[in-house]
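Lettering of chains follows the sequences in order, A, B, ..., and the numbering in each one begins at 1. Everything numeric in this text was worked out from a predicted model, so none of it was measured.
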Amino acid sequence: MSEITRETLANVLEEIALLLEIQGENPFKTRAYRQGAEIVSGFDGDIVQRAKDDDLTGIKGLGDALQQKLHELATTGRLGFHEKLRSQYPATFFDLFEIEGLGPKKIAALHKELGVGSIADLKTASEAGNVALLAGFGKKTEQKILAALARREAFADRFLLDAASHAAEMILDRLRSHPEVLRAQYAGSLRRSKETIGDLDFIVATAKPAELTAWFAGLDLAESVIAQGDTKCSIRLDNGLQCDLRAVSSAQFPFALQYFTGSKEHNVALRSRALKHGLSLNEYGFTAGGKSVQHGPIPAVHDERDIYRTLGLEFIPPELRENRGEIEAADEGQLPKLVELENLRGTFHNHTTASDGKATLDEMAEAALDLGLRYLGIADHSKASFQANGLDERRLLEQIEQIRIWNKNRGDELWIFAGSEVDILKDGSLDFPDDLLARLDYTVASVHASFTLDEKTMTKRIIRAMENEHVTMLGHLTGRLLLRREAYAVNHDKIIDCAAATNTIIEINCNPRRLDMDWRWWKKARDKGVLTSINPDAHRPEQFQFLKFGIGIARKGWLRKEDILNTYELDKVKDYLGTPKDRRS
DNA sequence: GCCGTTTTCGGCCCGACTGTTTTCAGTCG
């Protein structure tokens, strides 16, 4: 029996939800399982242990039935109910749910009538023209399935933040310059600063919605038009990214923006709260609702802030809207004052041509100056990263000297901190000796090889590095490359505890391919007193722009200005780095 | 299947768009 993890528990519940849908079960029952999966994934604590101990009472959304099932699953590694459902379908069956345009009803029909149990089956049946013959299906549906299958092969279904953000800003500019647009904003997961983006959502306020949707469908950026109506239009860009436009009145705008920003889970919670206030909330406004509560007059709403205020809540910034405690905190007036891009004073963890960067030290420094930064940390690779032209001891000493000269001449404009991104070797020792590390202003310690160690060994390895007095911060904790490579196994709880105990900073690597450590861990780390640094890992000047994605992740992790080293003023950073590690706070 | 400061039963979010329909089901968000 493989080890039971949080993911196992959540996946089993999610699969049950899908299978129940296929069987036409009561939709509310299906939803209960799906919500159960969400609760398990987002639970703040050791849900697996709680399930093993049959200690799940009191967790909202997990009733008797789910508690019993989770307990069975956690203790025995299997769930009879789940296995019975699954046994009726092939192992490849769940892939079908990823096909655009196919939901439980259509998948059930395809399976029952044509025996379709995999993507390959679906392709064969569609190409043979058998799908179009089914009741409720037609030629167009079959064509759409084939197109979706082709697209699935050609494109990723999710996009990195930089690609999504770039497209969104471009389209937003176009929308805002349209004469019939009063207000425009992007919503969805991009506005929430999720680490990857499925599609883009735009909301416009206009008196002429149909004119806007037609204009949107005709954009030269549109590779194809997925749907076009009087108030809604969906197009696909030529990189495969889907963009949805909703055109609403100015009065509806805040509601639509709130609604389409999501997350779905946040909105469900918000709507249920509205009902308790005697109000029904949807994407167009408040209406009288709720069964037994006497409602007052429908309040005036001009912006999103008014929506939250009406429900007795502080304004909840989009990044926090994941139903992970933000509504409760807003209710108690306990939301953090989140960090802003303007709070940044400098940046650490940047590369130059000395290792694998594409710009020289001077070029990086000039770019940092242009950005208005007060200090810049250089951290080129160490010698073990030979694939990245890592510096040996002699070259590092030369670079330190070069930085000292810069500071002597131009330190009052931009102060450069001499650092190193030193490799954490397989046994947890570092790639440079302590006496050399001691000559640096700071170090970023990172894993760049031996990714396949088991979790216990990897965690021990990283902890050994953190215990070194010269390790200022930990680079990209899990080594994940979003949409490309999974994180290596590492125990976040233990790393966070060690970071707190040893005063080691954990970076937020804001390369859009990384965004590591994951935002879901930051609130816990912050509460334990762990400091972070928002690090662009820039290999060329334009990559300083990654800082804004790091800010998004920090905000998503509930972080405030004071939780982040590079919001400190220069003097304070010098003090911090000049204080022995065990006496930093 | 979950929930409850009127409820232990009867609610649980719902509107837009498409395609296959002859009045609506399915999907998506």
Stepwise side chain to side chain contact (heavy atoms under 4.5 Å, CB included) check, A/Q258 with A/H266: CA-CA 10 Å; A/Q258 195 288 320; A/H266 174 88; 3.8 Å; yes

ring-ring contact (aromatic ring centres under 6.0 Å, His included) assessment of A/F255 paired with A/F286: CA-CA 8 Å; A/F255 293 97; A/F286 281 127; 5.3 Å; yes

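Between B/dG1 and B/dT5, the two P atoms lie 23 Å apart (nearest whole Å). Comparing B/dG15 with B/dT20, their P atoms sit 25 Å apart, to the nearest whole Å. Between B/dC17 and B/dG11, the distance separating the two P atoms is 30 Å to the nearest Å.
Side-chain nitrogen and oxygen atoms of A/K144 include at least one within less than 4.0 Å of the OP1 or OP2 phosphate oxygen of B/dG19. Within the 4.0 Å cut-off from OP1 or OP2 of B/dG19, not a single side-chain nitrogen or oxygen of A/K106 is found. Side-chain N/O atoms of A/T30 include none lying less than 4.0 angstrom from OP1 or OP2 on B/dG1.
Atom-to-atom, CD of A/E21 to P of B/dG26 comes out at 12 Å; the value is rounded to the nearest Å. Rounding to whole angstrom units, CD1 of residue A/I145 and C1' of B/dG26 are separated by 12 Å. Taking atom CG of residue A/L257 and atom P of nucleotide B/dG29, one finds them 18 Å apart after rounding to whole Å. Protein atom CD of A/Q143 is 17 Å distant from nucleotide atom P of B/dT18, rounded to whole Å. Atoms CD1 (A/I235) and P (B/dT18) sit 14 Å apart, rounded to a whole Å. Between the C1' atom of B/dC2 and the CD1 atom of A/I39 lies a distance of 9 Å, rounded to the nearest Å. At whole-Å resolution of the value, CD in A/E38 and C1' in B/dG1 are 16 Å apart.
No N or O donor and acceptor, one from the side chain of A/D64 and one from the base of B/dG1, sit under 3.5 Å apart.
Considering only side-chain atoms of A/K105, the nucleotide from B/dG19, B/dT27, B/dC12 that sits closest is B/dT27. The side chain of A/K60 lies closest to B/dC3, out of B/dC3, B/dT18, B/dG1.
A salt bridge links A/R174 to A/D220: at least one charged side-chain nitrogen sits closer than 4.0 Å to a carboxylate oxygen. A salt bridge is defined here as a Lys NZ or Arg NE, NH1 or NH2 lying under 4.0 Å from an Asp or Glu carboxylate O, and A/R305 with A/D303 fails to meet this definition. Under the 4.0 Å criterion applied to side-chain N and carboxylate O atoms, A/D306 and A/R309 are assigned as salt-bridge partners. Comment: A/E322 engages A/K556 in a salt bridge, judged by a side-chain N to carboxylate O separation of less than 4.0 angstrom.
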Listing time: all N or O pairs from protein to nucleotides 13-15 of chain B that are below 3.5 Å?
from	atom 1	to	atom 2	distance (Å)
B/dC13	OP1	A/R31	NH1	2.5
B/dC13	OP1	A/R31	NH2	2.5

Using nucleotides 20-23 of chain B, report all nitrogen or oxygen pairs with the protein that are shorter than 3.5 Å.
from	atom 1	to	atom 2	distance (Å)
B/dT20	OP1	A/G138	N	2.9
B/dT20	OP1	A/G138	O	3.3
B/dT20	OP1	A/K139	N	3.4
B/dT20	OP1	A/K140	N	3.3
B/dT20	OP1	A/T141	N	3.2
B/dT20	OP1	A/T141	OG1	3.0

For residues 210-217 of chain A, please give each side-chain donor-acceptor pair under 3.5 Å, one per line with the distance, not counting sequence neighbours.
from	atom 1	to	atom 2	distance (Å)
A/T213	OG1	A/A210	O	3.0
A/T213	OG1	A/G229	O	2.8

Determine all donor-acceptor pairs shorter than 3.5 Å in which one atom belongs to a side chain in residues 110-119 of chain A; sequence neighbours excluded.
from	atom 1	to	atom 2	distance (Å)
A/S118	OG	A/A120	N	3.4
A/S118	OG	A/D121	N	3.0
A/S118	OG	A/D121	OD1	3.4
A/S118	OG	A/D121	OD2	3.4

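Residues forming a side-chain contact (heavy atoms from CB on, under 4.5 Å) with A/F81 (at least two apart in sequence, or on another chain): A/I16, A/L20, A/Y33, A/K69, A/L79, A/L85.
Remark: B/dT8 base-pairs with no nucleotide in the shown strands. Criterion, Watson-Crick or G-U wobble with two distances under 3.5 Å.
Residue pairs that meet the ring-ring contact (aromatic ring centres under 6.0 Å, His included) test with at least one member in residues 34-64 of chain A, sequence neighbours left out, do not exist here.
Between A/T213 and A/Q67, the residue anchored closer to the 5' end of DNA chain B is A/Q67, taking for each the nucleotide with the nearest heavy atom.
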